[in-house]
2 protein chains.
Amino acid sequence: MLNNLTNHIKKFVKLDEADEELINQAVTIKSVKKKTFLLQPDHICRELYFVSKGCLRLYFINKKLNEQITQFAIENWWMSDHGSLESGKPSSYYIQAVENSEVISISKLKLEELFEKAPQLERYFRIVQQRAFTASQKRIEYIYSMSDEERYRHFSSLFPDFIQRIPQYMLASYLGFTPQFMSKIRAKKV
Amino acid sequence: MLNNLTNHIKKFVKLDEADEELINQAVTIKSVKKKTFLLQPDHICRELYFVSKGCLRLYFINKKLNEQITQFAIENWWMSDHGSLESGKPSSYYIQAVENSEVISISKLKLEELFEKAPQLERYFRIVQQRAFTASQKRIEYIYSMSDEERYRHFSSLFPDFIQRIPQYMLASYLGFTPQFMSKIRAKKV
DNA sequence: GGTATTTCTTAATCTTGATTCATTTTTTGA
DNA sequence: TCAAAAAATGAATCAAGATTAAGAAATACC
């Protein structure tokens, strides 16, 4: 649904019909089945993805050859490898659909064109980017101020619905510990 | 030096003389002595600080009553508590000068006025914000993929000059471990 | 509907880095 | 310049969570 994107933008800045039209022409809708990759290592990331339905994850393979998830994106979140997108260098990440999803995709190039034609988007992305940064900082704060167990309980209480949607091992990965440890603390819970 | 700010902005977007004038009128220069606080807990953060000389740190007091540093800002970096700035709620952070510093300060209010008068700034802050987010994500990646010792050695090799500027215990705090552990790995180094 | 693959659990042992407490070294400021 | 405060070091003990290795339970798919 294209509307999901423009509706989200309109929560932050004003768009007239011409703007909406421009945006809708610049983006493409993709249906992605569970486990499909939108980005793989050694590829240059050239697009940003807005999740209109479903769930994506961003992860890399660490030295111990385990998947390390660094981000999830659900409805109304953007997902991309901004590092690769900016630098034009190959990514070291995977972006993969965790559920059958619908994403609205826009290339970096088209986005830059859009910034010229609809300058309010510049503001929208500034705001969205700032929120993303604040959230990321908050996450670092949590990492450094809670134990793994505390972080698990904290996350569960903040996002009870979300933890139902994804396999436990993915949450363990996102929170930075092993599935075994996750089982241990869940067992304790009783 | 006001020029430090406008020069930095001009690395990302074009400014004409009128823009520069507007910016210079909106900001104020502050000389801050080492250990001076620019923000303390329970205060609402209403400003953003651009470091034109010196070094600031952002930290909070964790449950164990230790200082936990989450960010440093040196020359040409912005520092603020975006969470408090955005929400208008009291901060739980300290922003403190680590060295005698010169900061260029702008209030959230004035900045919003500036966005109207000089829309290129919207782009500048979008770009700066995006870089900050990318850096923050990169940091989370490091936290989750290296041991504390590895992270210390990695950081030291990336920023050899910076580690000379700050006390070791502050670096230990930023990297998320104790000064004692830091001593241990430094001793090993020989 | 049954087999194969994924996901989750349990338990024993091992490691990294925290804690505690004491001492030394360096820096600061009157 | 010298006393006091701040910062760094060292060593012994402890704890959180990793690792390894099974096995059990769910889910997916043919």
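Letters go in sequence order (proteins before strands), and every chain restarts at 1. Since we're looking at a predicted model, the values are computed, not measured.
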**OP:** Take atom CZ of B:Arg46 as the centre, draw a 6.0 Å sphere, and report whether it contains more than 12 heavy atoms from other residues, nucleotides or ligands.
**Re:** no
Subject >> Selection: residues 160-179 of chain B, any non-hydrogen atom under 4.0 Å of DNA chain D >> reply: B:Pro167, B:Gln168, B:Tyr169
Original post:
Is any side-chain nitrogen or oxygen of A:Lys64 closer than 4.0 Å to OP1 or OP2 of D:dT19?
Top reply: yes
Between protein and nucleotides 20-23 of chain D, what N or O pairs are separated by less than 3.5 Å?
unit_1 : atom_1 : unit_2   : atom_2 : d
D:dT20 : O4     : A:Gln180 : NE2    : 3.4

Original post:
Considering residues at least two apart in sequence or located in another chain, which fulfil the side chain to side chain contact (heavy atoms under 4.5 Å, CB included) criterion with B:Gln40?
Top reply: B:Phe37, B:His43, B:Tyr94
**OP:** State whether the number of non-hydrogen atoms from other residues, nucleotides or ligands found under 6.0 Å of A:Arg131 atom CZ is greater than 12.
**Re:** no
Original post:
Could you state the CD1-P distance from B:Ile185 to C:dT15, rounded to the nearest angstrom?
Top reply: 19 Å
Subject >> Pairing of A:Glu20 and A:Lys10 as salt bridge, 4.0 angstrom limit >> reply: yes
Original post:
If you draw a 6.0 Å radius around NZ in B:Lys110, do more than 12 non-hydrogen atoms from other residues or ligands fall strictly inside?
Top reply: no
**OP:** For atom CZ of B:Arg165, decide whether the heavy atoms of other residues, nucleotides or ligands shown that lie under 6.0 angstrom number more than 12.
**Re:** yes
Hey, what are the protein-to-nucleotides 28-30 of chain C N/O distances that come in under 3.5 Å?
unit_1 : atom_1 : unit_2  : atom_2 : d
C:dT28 : OP1    : B:Lys34 : NZ     : 3.4

Subject >> Co-members of A:Met146 in a cluster of I, L, V, M, F, W and Y side chains, linked at under 4.5 Å >> reply: A:Tyr142
Original post:
Roughly how many Å is it from CE in A:Met146 to C1' in D:dA16, rounded to a whole number?
Top reply: 17 Å
Original post:
Is A:Val32 isolated, or which residues cluster with it under the ILVMFWY side-chain rule of less than 4.5 Å, directly or via members?
Top reply: A:Leu38, A:Leu39, A:Tyr49, A:Val51, A:Leu56, A:Leu58, A:Phe60, A:Met79, A:Tyr93, A:Ile95, A:Val103
Original post:
Within this structure, what is the CZ-to-P distance between A:Arg186 and C:dT10, rounded to whole angstrom?
Top reply: 10 Å
**OP:** Please name all residues satisfying side chain to side chain contact (heavy atoms under 4.5 Å, CB included) with A:Ser147, sequence neighbours left out, ordered by chain then number.
**Re:** A:Glu149, A:Glu150
Original post:
Between D:dA8 atom P and B:Phe181 atom CZ, what is the distance in whole Å?
Top reply: 16 Å
Original post:
Once you round it to whole Å, what is the distance between C1' of D:dA16 and CZ of A:Arg151?
Top reply: 12 Å
**OP:** Just call it for A:Lys35: base, sugar-phosphate, or nothing, with non-hydrogen atoms closer than 4.0 Å on any strand.
**Re:** nothing
**OP:** Name the closest nucleotide to the A:Ser183 side chain, picking from C:dA18, D:dG17, C:dC8.
**Re:** C:dC8
Original post:
Please give, in whole Å, the distance from C:dC8 P to A:Met182 CE?
Top reply: 8 Å
**OP:** Kindly calculate the angle separating the two end axes of the helix from C:dG1-D:dC30 to C:dA30-D:dT1, each obtained from five base pairs, and round it to 10 degrees.
**Re:** 60°
**OP:** Kindly write out the residues that satisfy side chain to side chain contact (heavy atoms under 4.5 Å, CB included) with B:Thr28, not counting sequence neighbours, or none if the list is empty.
**Re:** B:Lys30, B:Ser105
Subject >> Apart from A:Leu109 itself, residues in the same hydrophobic cluster as defined by side-chain heavy atoms under 4.5 Å >> reply: none
Throw together a table of side-chain donor-acceptor distances under 3.5 angstrom for residues 166-175 of chain A, partners on residues two or more places apart or in other chains.
unit_1   : atom_1 : unit_2   : atom_2 : d
A:Gln168 : OE1    : A:Arg186 : NE     : 3.0
A:Ser173 : OG     : A:Glu67  : O      : 3.1
A:Ser173 : OG     : A:Ile69  : N      : 2.8

Subject >> Value in whole Å for how far the P atom of D:dA15 lies from CD of A:Glu149 >> reply: 15 Å
Original post:
Can you name the side chain to side chain contact (heavy atoms under 4.5 Å, CB included) partners of B:Lys14, sequence neighbours left out?
Top reply: none
Original post:
Can the ring centroids of A:Phe181 and A:Tyr152 be said to lie less than 6.0 angstrom from one another?
Top reply: no
Original post:
Roughly how many Å is it from CG in A:Asn100 to P in D:dA28, rounded to a whole number?
Top reply: 11 Å
